[in-house]
Amino acid sequence: MFDHGTDMDEEASTAGLAEAVEPLPVTSGVGELVDLGDVLTMLGKVDWAAIPGEQLVEALADSTVLRNRLDAVDLAINDRVARSMVLASTGDRNVAGFLRNVCHVPKVEASRRAKLARRLGSGCVEATAASFRAGRIGFAAAKLLADLSDKAEVGWAFATNEAALLVPTAEGEDYAFFEKACRRFYEAADTTQGDLTDRRHDAKQKVRVSPSFDGMTRVDGWLPTVEGETVSNEFERLRRFLVDEETTAARLKLGRDPLPSELARTADQRSVAVLASTGDRNVAGFLRNVCHVPKVEASRRAKLARRLGSGCVEATAASFRAGR
């Protein structure tokens, strides 16, 4: 009643199923690596000094992408070896040990490569792995993203931001900017970091004023976030005030808009003057010590400014502003 087909059909069906489920033979990948080795041998014989400058720059960019892609392939092999039992025949307990003992890779580098290979092969950082395989990011960026994804305190945020934010930043910005962006992402996403950050800031905050033998004084230090922002804003306000004062004086003297080099102070000298003014307890002291206004005149101007700004003499202030 039921037609089971011929033995030949059954064998063909079994063979087709086998072809569908079996991976490519290992020798195919090994052969491609041999071919790649031949290409690298040829590239090693190129006289790069004879290449025109523009083409040489393009070659450098291309070689960087290829190195990234080759790194990704190397880590894929690394991960596959780690997940198989093939190392039992070599006597090495893990891939890092094999890299150290057989490939003579330094211990720290071997551990870093083995760890990154395991993370990329876990399927938890698909966007990172894809970008790495395409050569758009390098080993350092891939490792930073993999390490970030492995932190339980920010894992929830990494999963939703990897493809949309973090990987595009790694691809489009220089590494220093990307590293800073990852650090900010971690601090923003980790809700457990608040107290630790406050304690770290408390431990780091300091200001040192150190007189030197030649009569100068060195000032350096770290301020907490809120206090630092307050000082920074006030510092910039006073610096801008000095720039405006010096620009006005130079314009009256020259009859035109002055160049920065024609102002009374350099930018560094102006910063020193602003810092020195913080020792003054009032505007009059600032006018005396920084703007070089005579003491009596400085006191008179500060007192009048305070009164005009109090709102008690509106008509007087309006007439004064109008120049009447």
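The structure displayed is predicted, hence computed values, not measured ones.
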Give me the atom names and distance for the closest heavy-atom approach of [X] to [Y].
X      : Y      : value
Asn161 : Ala157 : ND2-O, 2.8 Å
Ala142 : Leu116 : O-CD1, 3.8 Å
Ala110 : Val105 : N-CG1, 3.6 Å

So, using salt bridge (charged side-chain N to carboxylate O under 4.0 Å, His left out) as the criterion, who are the partners of Arg208 when residues are at least two apart?
none
Please round to the nearest 0.5 Å and tell me the distance separating atom [atom1] of [X] and atom [atom2] of [Y].
X      : Y      : atom1 : atom2 : result
Leu43  : Asp38  : CG    : CG    : 11.0 Å
Glu236 : Ser271 : CD    : OG    : 9.0 Å
Leu148 : Phe185 : CG    : CZ    : 5.5 Å
Arg118 : Leu75  : CZ    : CG    : 11.5 Å

Considering residues at least two apart in sequence or located in another chain, which fulfil the side chain to side chain contact (heavy atoms under 4.5 Å, CB included) criterion with [X]?
X      : value
Lys180 : Arg183, Arg184
Val219 : Val209, Thr217, Leu275
Asp244 : Arg240
Asp257 : Arg251

Steps toward side-chain contact (heavy atoms from CB on, under 4.5 Å) verdict (Phe158, Leu145)
CA-CA 9 Å; Phe158 183 90; Leu145 287 170; 4.1 Å; yes
Name each donor-acceptor pair under 3.5 Å that joins a side chain in residues 125-137 to protein atoms two or more places apart or in another chain, with its distance.
from	atom 1	to	atom 2	distance (Å)
Thr128	OG1	Glu162	OE2	2.7
Ser131	OG	Glu171	OE2	2.6
Arg136	NE	Glu171	OE2	2.9

Verify the cluster assignment for [X] and [Y]: are they in a single hydrophobic cluster under the rule of side-chain heavy atoms below 4.5 Å apart?
X      : Y      : value
Leu36  : Leu66  : no
Val95  : Val102 : yes
Tyr175 : Phe177 : no
Val46  : Leu56  : yes
Leu263 : Leu242 : no

side-chain hydrogen bond (donor to acceptor under 3.5 Å, both in side chains) contacts touching residues 67-83 (sequence neighbours left out):
Asp71-Arg113, Asp74-Arg113, Asp79-Arg83
Only pairs at least two apart or in different chains count here, so list each side-chain hydrogen bond (donor to acceptor under 3.5 Å, both in side chains) that has a residue in residues 40-55.
none
Looking at residues at least two apart in the chain, or sitting in another chain, which of them share a side-chain hydrogen bond (donor to acceptor under 3.5 Å, both in side chains) with [X]?
X      : result
Asp268 : none
Thr160 : none
Thr169 : none
Arg256 : Glu262

Would you confirm whether Arg265, through its side chain, and Ala273, through its main-chain N or O, come within 3.5 Å as a donor-acceptor pair?
no
When you measure from the side chain of Glu109 to the backbone N and O of Pro106, does any donor-acceptor pair fall under 3.5 Å?
no
